[in-house]
Amino acid sequence: MKVIYTAEAKQDVRDIVSYYEREQVGLGDQFLGALTGTIELLREFPLSSRKIGQGVRRAVFPKPFLYNLYYSPNRAQNTLLILAVAHQRRHPDAWKR
């Protein structure tokens with residue numbers, strides 16, 4: 001399954017990695033590892049996460065990262081569109097902006 005990021009999702013990831021690297025060297029890489037693991041799981045099981053809207057699902061990152069990954073699987077096109085990565089403490093609709 002091909003993974004496609006929206007421009008907003010790419011910026012979310014850059015911002016999060018930058019934040020974690022400022023907090024502790026190497027933590028940004030750990031976050032990227034969690035992101036990669038989450039996406040690999042979704043590539044294999046795209047419908048495994050909770051559906052939260054028309055065609056949109058929310059995957060939860062493994063601890064210690066308190067983030068949600070919002071995505072839209074398209075089995076017909078064999079794609080996984082990453083819409084946003086947002087902290088779990090943000091309003092549930094904040095990712096839509």
Side-chain angles (χ1 to χ4, degrees):
M1 189 166 259
K2 183 177 180 179
V3 178
I4 303 167
Y5 288 80
T6 63
E8 295 81 6
K10 286 181 184 179
Q11 188 61 51
D12 290 342
V13 171
R14 282 191 293 266
D15 291 346
I16 295 164
V17 169
S18 178
Y19 167 78
Y20 278 129
E21 280 301 309
R22 284 192 310 271
E23 292 298 306
Q24 180 181 333
V25 174
L27 200 52
D29 287 338
Q30 289 179 31
F31 174 82
L32 287 175
L35 172 65
T36 301
T38 300
I39 289 175
E40 287 306 312
L41 183 65
L42 295 176
R43 288 176 78 180
E44 191 169 341
F45 305 103
L47 304 179
S48 63
S49 295
R50 183 176 179 188
K51 188 174 182 178
I52 61 165
Q54 187 64 31
V56 177
R57 293 180 176 268
R58 180 183 67 216
V60 178
F61 271 66
K63 290 184 180 187
F65 301 106
L66 300 176
Y67 284 87
N68 292 322
L69 186 137
Y70 297 90
Y71 70 100
S72 181
N74 186 322
R75 296 184 88 178
Q77 294 180 359
N78 200 34
T79 59
L80 193 67
L81 178 62
I82 308 301
L83 302 167
V85 180
H87 198 279
Q88 292 174 1
R89 290 189 180 170
R90 293 184 70 189
H91 187 277
D93 291 334
W95 68 273
K96 293 178 182 179
R97 295 182 207 137

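Values reported hereafter were calculated over all heavy atoms of this structure, with side chains retained and with hydrogens, waters and symmetry mates removed.
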Test ring-ring contact (aromatic ring centres under 6.0 Å, His included) applied to Phe61 - qualifying residues, sequence neighbours left out: Phe31
State, yes or no, whether a side-chain contact exists between Asn78 and Lys2 at a heavy-atom distance under 4.5 Å. no
Looking at every non-hydrogen atom in both residues, tell me the closest pair between Arg57 and Ser49 and how far apart they are. NH1-O, 2.5 Å
Scan Asp29, Leu32, Asp12 and name whichever one has a side chain to side chain contact (heavy atoms under 4.5 Å, CB included) with Val17. Leu32
Residues at least two apart in sequence or cross-chain that pass side-chain contact (heavy atoms from CB on, under 4.5 Å) with Asn68, listed by chain then number, are Arg58, Val60, Tyr70, Gln88
Hey, are the side chains of Leu42 and Leu69 touching, using non-hydrogen atoms and a 4.5 Å cut-off? yes
According to the side chain to side chain donor-acceptor pair (under 3.5 Å) rule, which pairs have a member within residues 38-48, sequence neighbours left out? Glu40-Arg43
Are Val3 and Ile16 in one and the same hydrophobic cluster, where Ile, Leu, Val, Met, Phe, Trp and Tyr link if side-chain heavy atoms are under 4.5 Å apart? yes
What are the two closest heavy atoms between Ala34 and Phe65, and how far apart are they? CB-CD1, 3.8 Å
Considering only heavy atoms from C-beta outward, does the side chain of Lys10 approach that of Thr6 to under 4.5 Å? no
Check: Leu81 main-chain N/O paired with Ser72 side-chain donor or acceptor under 3.5 Å: no
Does Tyr19 belong to the same Ile/Leu/Val/Met/Phe/Trp/Tyr cluster as Leu27, with side-chain heavy atoms less than 4.5 Å apart forming each link? yes
Path from Met1 to Phe45 over hydrophobic side-chain contacts below 4.5 Å: no
For Gly28 and Glu21, the nearest pair of non-hydrogen atoms, with its separation, is N-OE2, 2.7 Å
Quick check on the hydrophobic clustering: are Ile82 and Leu41 connected, directly or via other members, by side-chain heavy-atom contacts under 4.5 Å? no
